[in-house]
Amino acid sequence: MSRMPAAVTWGLLAAWAVHDAEELATMAGWARRARPRLERLYPGVPWERLEVSQARVNVAIGLMGGVVAGASALGARSGGRSPVFQAMLAGFGLHGVVHLAQAAATRGYTPGVVTAPLVVIPFSAWAWRRLRRAGAVAAPGRSAAYGLAALPLTAGGVHTIAHLLTRRHDRAAASSAADGLGRDRWF
């Protein structure tokens, strides 16, 4: 078993951090600004569900960071052979493609679309090449299938937990905004 460079295993966490820094900086504000345009483009879609507070974005990204860090640690410990690491790597790459599709569908910028083709997709492709070269990929199709299945479940799970953890804050912020106080802090 050849040693897997940390750039592959811990690189997943680093690439994720760069990508999610873009999402952290843009998601809440973009959702508010883009909603009127999206409602015109695609009437009937419940776009109000798209809007999230900065507090919820912070918590969701923090939770996902824990998941990615855990997968990266498993990858480092197993020389890149961990099925969890490989599924996360596959899901991360697919996530980049989803960002490009979202931007195309909405005909404009979406949070994460800048780093998707510059960081997410290139890193994922490079890491898979390194894993293959090291003989660490046992079942690439299976990893991709698990990553494809895990992507919406993991993202949905962290956003649901973030919603549950921030709903009192979000209600208070909405009430303050309605009162003219506008106290929606970062968290």
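Computed from a predicted model, the values in this text were never measured in an experiment.
- Of all heavy-atom pairs between L100 and P117, the closest is CD2-CD, 3.9 Å.
- Hydrophobic clustering keeps V84 apart from V67 (ILVMFWY residues linked when any side-chain heavy atoms are closer than 4.5 Å, directly or through intermediates).
- Between the CG atom in L89 and the CG atom in L12 there is a gap of 6.0 Å [rounded to 0.5 Å].
- One N or O on the side chain of S72 and one on the backbone of T9 form a donor-acceptor pair closer than 3.5 Å.
- What you find for V137 and L131 is that their closest heavy atoms are CG2-CB, 3.4 Å.
- Under the 3.5 Å distance criterion, the side-chain polar atoms of T106 are matched with a main-chain donor or acceptor of Q102.
- The backbone N or O of G29 lies less than 3.5 Å from a partner atom in the side chain of R33, making a donor-acceptor pair.
- Linking ILVMFWY side-chain heavy atoms closer than 4.5 Å, directly or via other members, places L24 and L13 in a single hydrophobic cluster.
- With S53 contributing its side chain and R56 its backbone, the two residues share a donor-acceptor pair below 3.5 Å.
- L164 belongs to no hydrophobic cluster with other residues, because no ILVMFWY side-chain heavy atom falls under 4.5 Å from its own, directly or through intermediates.
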Residues 38-48, side-chain donor-acceptor partners within the protein, below 3.5 Å, at least two apart:
unit_1	atom_1	unit_2	atom_2	d
E39	OE2	R35	NE	2.9
E39	OE2	R35	NH2	3.4
R40	NH1	P36	O	3.4
Y42	OH	A105	O	2.4
W47	NE1	L38	O	3.3
W47	NE1	Y42	O	3.1

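- Proximity of M88 to V68: side-chain heavy atoms (C-beta onward) are separated by under 4.5 Å at one or more points.
- With sequence neighbours left out, the side chain to side chain contact (heavy atoms under 4.5 Å, CB included) criterion links T26 to E22, Y109, P111.
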As a quick check of understanding, evaluate side-chain contact (heavy atoms from CB on, under 4.5 Å) for E23 and I61, giving each step before the final call.
CA-CA 8 Å; E23 292 182 341; I61 287 175; 4.2 Å; yes

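- Under the side chain to side chain donor-acceptor pair (under 3.5 Å) criterion, no residue pair touches residues 150-160, with sequence neighbours excluded.
- W10 meets the ring-ring contact (aromatic ring centres under 6.0 Å, His included) test with no other residue; sequence neighbours excluded.
- A search for ring-ring contact (aromatic ring centres under 6.0 Å, His included) contacts involving F92 returns nothing, not counting sequence neighbours.
- Between A60 and A162 the shortest heavy-atom distance is N-CB, 3.6 Å.
- For H95, the ring-ring contact (aromatic ring centres under 6.0 Å, His included) test picks out H19, H99, with sequence neighbours left out.
- Of the possible donor and acceptor atoms, one in the side chain of S82 sits under 3.5 Å from a partner among the backbone N and O of F85.
- Going from atom CD1 of I161 over to atom CG of L63 covers 6.0 Å, rounded to the nearest 0.5 Å.
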Could you list the donor-acceptor pairs under 3.5 angstrom formed by side chains in residues 119-127, with sequence neighbours left out?
unit_1	atom_1	unit_2	atom_2	d
S124	OG	G93	N	3.4
S124	OG	V120	O	2.9

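- The CZ atom of R129 sits 8.0 Å away from the CZ atom of R132 when rounded to the nearest 0.5 Å.
- Rounding to the nearest 0.5 Å places CD of E51 at 13.5 Å from CE of M27.
- At least one side-chain heavy atom of M64 sits less than 4.5 Å from a side-chain heavy atom of W16.
- For Q54 against A28, the heavy-atom pair with the smallest separation is OE1-CB, 3.6 Å.
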